[in-house]
Number of protein chains: 2
Amino acid sequence: MSSTRERLVDAMATSLARKGFAGVGVNEILERAQAPKGVLYHHFADGKTGLAIAAIRLSIERITASLTRKRAASADPIEALELWLEGMRQRLEASGFEYGCPLAATALEVHAEQTELRAALAEGFRALQAEVARTIEATGIPAPRALELAVFFVSAYEGALMQARVASDSTLLRGICATLLGLLRAEQRHVIPPPKERP
Amino acid sequence: MSSTRERLVDAMATSLARKGFAGVGVNEILERAQAPKGVLYHHFADGKTGLAIAAIRLSIERITASLTRKRAASADPIEALELWLEGMRQRLEASGFEYGCPLAATALEVHAEQTELRAALAEGFRALQAEVARTIEATGIPAPRALELAVFFVSAYEGALMQARVASDSTLLRGICATLLGLLRAEQRHVIPPPKERP
DNA sequence: TTCTCTCTAGACCGGTCAGTCTAGGGTGGG
DNA sequence: CCCACCCTAGACTGACCGGTCTAGAGAGAA
């Protein structure tokens, strides 16, 4: 049995991924979590914003944990990344191209005065980049370059996810993922050249 | 002297780039355009949505025209792309990391039932990809591959723009742009090898 | 039992939302 | 001159927004 608080955060996380911060109403969240209004303001002193921040943290925790798990289960880190991307793509498709990145929509509509929300988003992206970078490092690519690649990886993926959403078609997303994984494999081969055949 | 209609569309275009569709209120638009409410519903039968669609079309028209102009002014298409990216980055910086992509924020919060808005966004991205593809083709890279690269280019740029926004820092954006332009130059060299020196 | 404290509960608040309605100004044609 | 028509104008509407407030349920300690 989940607590009311957990149900609230979970409901907010889903809604943020679907329509962003401005697009979602607290009443809608409360209804989905089967909770009255007082509960929200009991658990989160600053209301909608506080709930959104908790939801962002939860989403990032889930998404990075998923990659960690995939990495632990597979000998090839790039394959782990591939499975991870595939999982997220399937969720997008299963939702009728509604469920995108849990941070992206909010990231694009937040404004400068909402400092706490912005900080949570920035921290979320940083954590995401770091987790991807850790996976890339596991291929043998050195750390600084791995981070560079991770940032590039996240950027391209986010952009592709967005375009797949509006097009209601994931072909573009599949293509971008394949290209990204291809780039990583090429870089890996360059770093650790395959053993030469000896006659 | 701009017409009331033009001022409305322009104000909406700016607001969409800053906070997306759900994040902007019509009253705010009307105030910025110095127009009363009746005008909006006179020019746009379906109100906010109609205005947003017009604004999306205007934004895409402007942004593609800007690239066309840069391409006409420069002998090197990749240099044209570079200048274009630089222009957009400067606008982001000048606005205090508020003014991002005019389509992106809306793209991530629109839902399936808003078919017209979604269609306008999809068409916008298609036009943007096509214009970038045209520029890449001008480097000598064949058309199908140029489109592939353009899609990749747009994705990575959108993702980077988003991350730059939340981080209030354009270093990441600069890096991604440099990488993208590097990839294009590498591909161009591969297609048209430089003339060999003859002793 | 009784006191206390955390969490639940929902009526209620002012404000703002998108959108409607009626009236009036201005300009071109007759 | 006057009529017609396009555009401007803003008061107004009901719904919904995020947020507040008071009341009470329930568990644990004494």
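Sequence lines set the chain letters: A, B, ... in the order given, protein chains first and strands last, and positions in each chain run from 1. The basis for the numbers below is simple: all heavy atoms, side chains too, and nothing from hydrogens, waters or symmetry mates.
Atom CD of Glu116(B) is surrounded by 12 or fewer heavy atoms from other residues, nucleotides or ligands within 6.0 Å.
The side chain of Lys48(B) sits closest to dG19(C) out of dG19(C), dG18(D), dT8(D). Closest contact between the side chain of Tyr41(A) and the listed nucleotides dG19(C), dT8(C), dT20(D) involves dT20(D). Here the nucleotide nearest the side chain of His42(B), chosen from dC6(D), dA18(C), dT6(C), is dC6(D).
As rounded to whole Å, 15 Å separates atom P of dT6(C) from atom CZ of Arg5(A). Asn27(B) places its CG atom 11 Å from the P atom of dG19(C), with the value rounded to the nearest Å. Atom pair Glu31(B):CD and dG10(D):C1' shows a separation of 14 Å (rounding to whole Å applied). Rounded to a whole Å, the CD atom of Glu28(B) is 18 Å from the P atom of dC17(D). Taking atom CD of residue Glu6(B) and atom C1' of nucleotide dT8(D), one finds them 16 Å apart after rounding to whole Å. One can place CG of Leu40(A) at 15 Å from C1' of dC21(D), the figure rounded to the nearest angstrom. Rounded to whole angstrom, the span from the CG atom of Leu30(B) across to the C1' atom of dT8(D) amounts to 12 Å. Rounded to whole angstrom, the span from the CD atom of Gln114(A) across to the P atom of dG18(D) amounts to 13 Å.
Side-chain N/O atoms of Lys37(B) and base N/O atoms of dA9(D) include no donor-acceptor pair closer than 3.5 Å.
Ile63(A) is connected to Leu181(A) through a chain of hydrophobic side-chain contacts under 4.5 Å among Ile, Leu, Val, Met, Phe, Trp and Tyr, so both are in one cluster.
Within 4.0 Å of Gly38(A), counting heavy atoms only, lies at least one base atom of the nucleic acid.
Each of Thr139(A), Thr135(A), Leu180(A) was compared with Leu81(A) under the side-chain contact (heavy atoms from CB on, under 4.5 Å) criterion, and only Thr135(A) meets it.
The shortest distance between the side-chain N/O atoms of His43(A) and the OP1/OP2 oxygens of dT8(C) is below 4.0 Å.
No side-chain donor from either of Arg71(B) and Thr68(B) sits under 3.5 Å from a side-chain acceptor of the other.
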Item to check | Check against ring pair (Phe, Tyr, Trp, His ring centres under 6.0 Å), Tyr157(B) and Phe152(A) | outcome: CA-CA 10 Å; Tyr157(B) 185 73; Phe152(A) 191 76; over 10 Å; no
